[in-house]
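Comments concern the structure below.
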Amino acid sequence: MSKKIVLFDVDGTLTIPRNMVKKNMLDFLQELNTKVDVGIVGGSDLSKIKEQLGENTVELYDYVFSENGLMAFKDGKFLEEQSLKKYMGEDKLKEFINYTLHYIADLDIPIKRGTFIEFRNGMINVSPIGRNCSQEERDNFETYDKTANIRKTMVNIFQKKYPELQFSIGGQISFDVFPRGWDKTYCLKFLEEYESIYFFGDKTFEGGNDHEIFISDRTIAYTVKSPEETIRICREIFY
Ligand code: M1P
């Protein structure tokens with residue numbers, strides 16, 4: 001029982017947000033994996049994680065957790081998935097989706113595109129600008145939202161209306177919605193065999209999607225500002 005695992009968030013930690021991983025990071029993760037177990041815990045769904053880290057992601061690492069671990073894989077094999085649909089029921093879901101779409105329809109922001117709601121296995125992703133904006137529009141929205149606080153305001157209002165749900169801002173243009181407790185700490189239930197669980201993430205501030213796992217008693221956690229910093233700190237700790 002002296003096993004260690006190092007868990008990594010994806011966007012901002014292993015890659016530039018929503019971009020492909022660089023080769024030096026992939027090489028580094030393989031090298032690290034010869035010393036300790038390695039796991040990935042992303043807020044995104046599996047298709048986005050694969051888009052960024054590679055088609056063979058699930059096979060490459062000891063654990064891969066997409067949607068915070070609401071879909072879990074170990075040694076390349078599927079472990080378990082959670083269903084938001086089953087958990088909330090159709091009536092509640094419909095009410096939430098209708099309320100969200102009404103709210104976004106009334107929002108006056110510089111531009112809007114399409115796909116304002118993405119329905120996933122264990123969560124809903126809400127984007128005021130719409131998920132199918134271009135990379136340039138996504139970058140501009142992120143900058144705009146730093147002062148306009150569109151997402152923070154929505155999350156505050158939504159949190160009051162839906163206290164049983166949890167809202168977290170993990171990326172540039174959206175926020176994730178899931179039942180209380182289905183944040184990144186959810187994945188820790190699969191890791192009972194480990195004595196030490198390290199975690200690296202960029203959105204560790206309150207309201208960010210790395211916050212709960214960052215403050216968890218089960219983890220030794222680090223905040224990073226870039227993939228380069230992730231590699232640097234890991235080299236200091238594990239080499
Ligand atoms: O991995 C962090 C987040 O990445 C995306 O966010 P955005 O599109 O806003 O940059 C989403 O997949 C989100 O669910 C996820 O938490």
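Computed from a prediction, not measured in an experiment: that's the story for all the values here. For ligands, and for the atoms within them, numbers begin at 1 and follow the listed sequence. No hydrogens, no waters, no symmetry mates; every other heavy atom, side chains included, goes into these values.
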Atom pairs and distances, side-chain donor-acceptor, residues 90-98, under 3.5 Å, sequence neighbours left out:
{"residue": "Lys92", "atom": "NZ", "partner": "Glu164", "partner atom": "OE2", "Å": "2.4"}
{"residue": "Glu95", "atom": "OE1", "partner": "Tyr162", "partner atom": "OH", "Å": "2.9"}
{"residue": "Glu95", "atom": "OE2", "partner": "Tyr162", "partner atom": "OH", "Å": "3.3"}
{"residue": "Asn98", "atom": "ND2", "partner": "Lys94", "partner atom": "O", "Å": "3.4"}

Q.
Can you confirm if the aromatic rings of Phe8 and Tyr61 lie within a centre distance of less than 6.0 Å?
A. no
Q.
Give the residues near ligand 1 by chain and number, with the criterion being a heavy-atom distance under 4.0 Å.
A. Asp11, Arg18, Gly43, Ser44, Lys48, Arg120, Asn125, Arg131, Arg138, Gly170, Gly171, Gln172, Ile173, Ser174, Asp176, Asn209
Q.
With rounding to the nearest 0.5 angstrom, report the OG to CE distance, Ser44 to Met123.
A. 8.0 Å
Q: Please determine, by modelled atom types, if Asp11 and Gln52 share a side-chain donor-acceptor pair under 3.5 angstrom.
A: yes
(Q) Please determine whether residues Met20 and Ile49 belong to a single hydrophobic cluster, defined as Ile, Leu, Val, Met, Phe, Trp and Tyr linked transitively by side-chain heavy-atom distances below 4.5 Å. (A) no
Q. After noting the C-alpha distance and the side-chain angles of Glu142 and Arg18, does the key distance pass the salt bridge (charged side-chain N to carboxylate O under 4.0 Å, His left out) rule?
A. CA-CA 13 Å; Glu142 187 185 24; Arg18 295 296 304 122; over 6 Å; no
